[in-house]
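Predicted model, so just to flag it, every value in this text is computed and none were measured. Lettering of chains follows the sequences in order, A, B, ..., and the numbering in each one begins at 1. All heavy atoms count here, side chains included; hydrogens, waters and symmetry mates do not.
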Number of protein chains: 2
Amino acid sequence: MGASKSDYFTIEQNEIAILMKALGHPARIAIIEHLLKIDSCVCNDIVNEIPLSQPTISQHLKELKNAKIIKGSIEGNSICYCINDETFNQIESYIKQIIKTDQEKKSCC
Amino acid sequence: MGASKSDYFTIEQNEIAILMKALGHPARIAIIEHLLKIDSCVCNDIVNEIPLSQPTISQHLKELKNAKIIKGSIEGNSICYCINDETFNQIESYIKQIIKTDQEKKSCC
DNA sequence: AATATTTATCGTAATATTGCAATATAGTTT
DNA sequence: AAACTATATTGCAATATTACGATAAATATT
């Protein structure tokens, strides 16, 4: 098939999976790390930094934006992309909850 | 193409992407949540809980194990799968670092 | 030993993702 | 307005993922 049966799972499970999936590519991780490194946050910059074509990077940026991992606002000719801190806080609290719940369990392996 | 050009990125970027990718499917999120919910951690249990076929679940478990998100040990007839807390700690510290670095930046959007 | 139970693997079909060249769009500058 | 710059979209080829039936392998039970 190839299509994941998302309707079998809860909204929350699908939402967290979408976030993780968006982070599940080295180019997108590299984009995020570059956004953090530079002080401004234009996009053409990224094209010179990451060895992928402009359309490919544009596509990755679109995916990150769809997942609300980054925010983009038009800044004249170029676009200002930057980290969406709310989404990362959401991811952090999800991961934290897993760790906490796991610690409360008696481990069996 | 379809193949991600992982050699263009750093080992660290690829490693975190592999972890995130493994978490990027609702079935795998559901598996993790189920592992946390139950006290024991056998696998056949999961087949009854998640509406996917046994081979599909086995495949998802394999991916989670490959990414070191869960650990599995043979327990007689069945297998004891459980959360790998080290990996989740690793993910947490990566996300935390992103949040911290982002807070230190002067935001522009 | 025969049967049942549990998990893994193989083969395969359907769909999704990745990547890029070509092209489009939209703002900027001259 | 023409030329330039920055980003997005389209179309397409290559590869990856998802899912499952059939089957295998390995232990447990009778």
Side-chain angles (χ1 to χ4, degrees), chain A residues 1-9 13-14 17-18 20-31 34-35 38 40-67 70-82 109, chain B residues 1-9 13-14 17-18 20-31 34-35 38 40-67 70-82 109:
Chain A
M1 301 222 170
S4 69
K5 306 198 159 179
S6 47
D7 40 325
Y8 287 176
F9 306 101
Q13 285 168 343
N14 279 299
I18 285 167
M20 294 309 196
K21 194 177 186 178
L23 293 175
H25 193 288
R28 293 195 285 270
I29 292 291
I31 287 171
H34 186 66
L35 276 181
I38 58 174
S40 69
C41 42
V42 207
C43 161
N44 191 47
D45 196 28
I46 297 171
V47 177
N48 301 320
E49 186 78 8
I50 293 168
L52 290 172
S53 73
Q54 181 269 321
T56 303
I57 290 172
S58 183
Q59 198 176 289
H60 282 306
L61 285 166
K62 193 182 176 185
E63 274 176 76
L64 287 170
K65 210 170 74 179
N66 285 344
I70 61 174
K71 291 184 280 193
S73 54
I74 298 161
E75 193 90 1
N77 198 12
S78 58
I79 289 204
C80 176
Y81 275 122
C82 51
C109 25
Chain B
M1 299 219 170
S4 69
K5 306 199 159 180
S6 48
D7 40 324
Y8 288 176
F9 307 102
Q13 286 168 342
N14 278 299
I18 286 168
M20 295 308 197
K21 193 177 186 179
L23 293 175
H25 192 288
R28 292 194 286 270
I29 293 291
I31 287 171
H34 186 66
L35 276 181
I38 58 173
S40 69
C41 42
V42 206
C43 161
N44 191 47
D45 197 27
I46 298 172
V47 178
N48 300 321
E49 187 78 9
I50 293 168
L52 290 172
S53 73
Q54 180 270 321
T56 302
I57 290 172
S58 184
Q59 199 175 287
H60 282 306
L61 285 166
K62 194 183 175 184
E63 275 176 73
L64 287 170
K65 211 170 73 178
N66 285 343
I70 61 174
K71 290 183 280 192
S73 55
I74 298 162
E75 193 90 2
N77 197 11
S78 58
I79 289 204
C80 176
Y81 275 123
C82 50
C109 24

What's the closest nucleotide to the side chain of [X] if the choices are [options]?
{"X": "A:E63", "options": "D:dT18, C:dT7, C:dT18", "value": "C:dT18"}
{"X": "B:P55", "options": "C:dG19, C:dT9, D:dT7", "value": "C:dT9"}
{"X": "B:T56", "options": "C:dT7, D:dC20, D:dA8", "value": "D:dC20"}
{"X": "A:K62", "options": "C:dT9, C:dA8, D:dT9", "value": "D:dT9"}
{"X": "B:S58", "options": "C:dA8, D:dT7, C:dG19", "value": "C:dA8"}
{"X": "A:L52", "options": "C:dC20, D:dT18, C:dA8", "value": "C:dC20"}

Give the rounded distance in Å between these two atoms: [atom1] of [X] and [atom2] of [N].
{"X": "B:I46", "N": "C:dT6", "atom1": "CD1", "atom2": "C1'", "result": "12 Å"}
{"X": "A:I79", "N": "D:dT9", "atom1": "CD1", "atom2": "C1'", "result": "13 Å"}
{"X": "A:L23", "N": "C:dT18", "atom1": "CG", "atom2": "P", "result": "12 Å"}
{"X": "A:I31", "N": "D:dT7", "atom1": "CD1", "atom2": "P", "result": "12 Å"}
{"X": "B:N48", "N": "C:dT6", "atom1": "CG", "atom2": "C1'", "result": "11 Å"}
{"X": "B:I50", "N": "D:dC20", "atom1": "CD1", "atom2": "P", "result": "12 Å"}
{"X": "B:I70", "N": "C:dT7", "atom1": "CD1", "atom2": "P", "result": "12 Å"}
{"X": "B:E75", "N": "D:dA28", "atom1": "CD", "atom2": "P", "result": "10 Å"}

Answer yes or no: is there a side-chain heavy-atom contact under 4.5 Å between A:D45 and A:Y81?
no
So which heavy atom on [X] is nearest to which on [Y], and how close?
{"X": "A:I50", "Y": "A:I57", "result": "O-CD1, 3.8 Å"}
{"X": "B:E75", "Y": "B:C80", "result": "OE1-CB, 3.9 Å"}
{"X": "A:F9", "Y": "B:P26", "result": "CD1-CB, 3.5 Å"}

5′-ward residue of the pair A:I74/A:R28 relative to DNA chain C
A:R28
Would you kindly compare B:V47 and A:H60 by the position of their nearest DNA chain C nucleotide and give the one closer to the 5′ end?
B:V47
Please figure out whether A:Y8 or A:Q54 has its closest DNA chain D nucleotide nearer the 5' end.
A:Q54
Which comes earlier along DNA chain D counting from the 5' end, the contact point of A:N77 or that of A:K21, where each point is its nearest nucleotide?
A:N77
Is there a side-chain contact between B:S78 and the phosphate of C:dT6, meaning an N or O under 4.0 Å from OP1 or OP2?
no
Reference residue A:L61; test side chain to side chain contact (heavy atoms under 4.5 Å, CB included); the match among A:T56, A:N66, A:I70, A:L35
A:I70
